[in-house]
Amino acid sequence: MTFNTSYHDDTTQSDLLYVSDYEVKSSLEIGYEGLTVQLSHVLVGPQMITNYDIYQDEKKGSFSSWDLTARYRFDTHWEVKGSILNLFDQEVEWVRGYPLPERNFWVGLTYHF
């Protein structure tokens, strides 16, 4: 968990743009033999942003996102991994105009040597 305690401009005493008051990252990981499943969550607190549609600063609310990953290690060297990013297909923006990608999938195969 991260709390930003110095998020004010020393000169103007206003909030810094694009800096959240807090950010909380957590995950739950469960494994059995060669299988591991991980559920990850990030909560990003409110922040001041510039709305370029009207060229004014405004407060953007907090948001969260979830990811799910499963890994299976077979043999001594091989591992297959799959992830679902933005698990609940939320429409959120890290920064105005830059939305989090919609739900997407990732699959990989790794050889460890």
Side-chain angles (χ1 to χ4, degrees):
M1 181 182 306
T2 302
F3 288 97
N4 295 321
T5 57
S6 179
Y7 50 86
H8 289 78
D9 185 317
D10 292 337
T11 306
T12 64
Q13 297 304 311
S14 61
D15 283 347
L16 292 175
L17 296 177
Y18 307 105
V19 177
S20 296
D21 297 344
Y22 58 86
E23 187 171 311
V24 179
K25 294 180 180 180
S26 59
S27 67
L28 174 65
E29 186 171 303
I30 299 171
Y32 180 72
E33 294 185 4
L35 177 65
T36 304
V37 177
Q38 181 180 28
L39 180 65
S40 302
H41 175 252
V42 62
L43 170 64
V44 178
Q47 58 184 258
M48 293 300 294
I49 64 167
T50 299
N51 181 341
Y52 288 105
D53 295 335
I54 57 175
Y55 291 94
Q56 288 183 339
D57 293 344
E58 63 184 35
K59 189 160 197 141
K60 178 180 171 299
S62 63
F63 68 91
S64 65
S65 178
W66 295 84
D67 297 330
L68 180 65
T69 299
R71 293 185 308 273
Y72 181 70
R73 187 147 191 177
F74 60 95
D75 193 38
T76 325
H77 302 283
W78 289 98
E79 179 181 76
V80 64
K81 177 180 177 180
S83 295
I84 304 172
L85 306 176
N86 192 4
L87 182 63
F88 300 113
D89 202 21
Q90 297 165 279
E91 294 182 21
V92 296
E93 296 176 325
W94 283 91
V95 176
R96 185 173 172 81
Y98 294 92
L100 183 68
E102 60 189 27
R103 181 184 305 124
N104 58 90
F105 304 90
W106 184 87
V107 176
L109 180 64
T110 304
Y111 180 81
H112 299 274
F113 53 93

When you group the ILVMFWY residues by side-chain heavy-atom contacts below 4.5 Å and let the links chain together, are [Y] and [X] in the same group?
| X | Y | result |
| --- | --- | --- |
| V37 | V107 | no |
| L85 | L68 | no |
| V42 | L39 | no |
| Y55 | I49 | yes |

*Under a 4.5 Å cut-off applied to non-hydrogen side-chain atoms, are L17 and D57 in contact?*
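Side-chain contact under 4.5 Å: yes.
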_Does any part of the side chain of W66, heavy atoms only, come nearer than 4.5 Å to the side chain of I84, both counted from C-beta?_
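Result no, sub-4.5 Å side-chain heavy-atom pair not found.
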*Heavy atoms from other residues, nucleotides or ligands near CZ of F105 exceed 12 (cutoff 6.0 Å)*: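 Yes, the 6.0 Å shell around CZ holds more than 12 heavy atoms from other groups.
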Looking only at heavy atoms, what is the nearest atom pair of [X] and [Y], with distance?
| X | Y | answer |
| --- | --- | --- |
| S65 | Q90 | CA-OE1, 3.5 Å |
| G45 | S20 | O-OG, 3.0 Å |
| R73 | T76 | NH2-O, 3.1 Å |
| F74 | Y72 | CB-CE2, 3.5 Å |

*Ion pair check, K81 and E79, cut-off under 4.0 Å*: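 No, no charged N to carboxylate O under 4.0 Å.
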_Strictly distance-based, threshold 3.5 Å: is any side-chain N or O of R103 a donor or acceptor partner for the main-chain N or O of L87?_
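Such a contact is found between R103 side chain and L87 backbone.
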_Keeping D67 on the side-chain end and N86 on the backbone end, is there a donor-acceptor pair under 3.5 Å?_
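At least one qualifying donor-acceptor pair exists.
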*Does the side-chain contact (heavy atoms from CB on, under 4.5 Å) test come out yes or no for V80 and R71, once each step is laid out?*
CA-CA 6 Å; V80 64; R71 293 185 308 273; over 6 Å; no
*asked:* Would Y18 and T50 count as a side-chain contact (heavy atoms from CB on, under 4.5 Å) here? Give the steps.
replied: CA-CA 8 Å; Y18 307 105; T50 299; 3.7 Å; yes
*Passes side-chain contact (heavy atoms from CB on, under 4.5 Å), Q47 versus E23? Steps please.*
CA-CA 11 Å; Q47 58 184 258; E23 187 171 311; over 6 Å; no
*How are the rings of F113 and Y111 set relative to one another: parallel (under 30°), tilted (30 to 60°) or perpendicular (over 60°)?*
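Correct class here is parallel.
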_Working note: L109 + W78, criterion side-chain contact (heavy atoms from CB on, under 4.5 Å); need CA distance, chi angles, decisive distance, verdict._
CA-CA 7 Å; L109 180 64; W78 289 98; 3.7 Å; yes
*Just do the salt bridge (charged side-chain N to carboxylate O under 4.0 Å, His left out) check on E58 and K60 with the steps written out, would you?*
CA-CA 6 Å; E58 63 184 35; K60 178 180 171 299; over 6 Å; no
*Nearest 0.5 Å please: distance from the NZ atom of K25 over to the CG atom of L43.*
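Going from NZ on K25 over to CG on L43, the span is 11.5 Å.
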*Could you tell me the separation between the NE2 atom of H77 and the OG1 atom of T110, rounded to the nearest 0.5 Å?*
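Here the rounded value is 13.5 Å.
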*Quick one: do the S40 and S27 side chains pair a donor with an acceptor below 3.5 Å?*
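There is no such pair (donor and acceptor under 3.5 Å, judged by atom type) between the side chains of S40 and S27.
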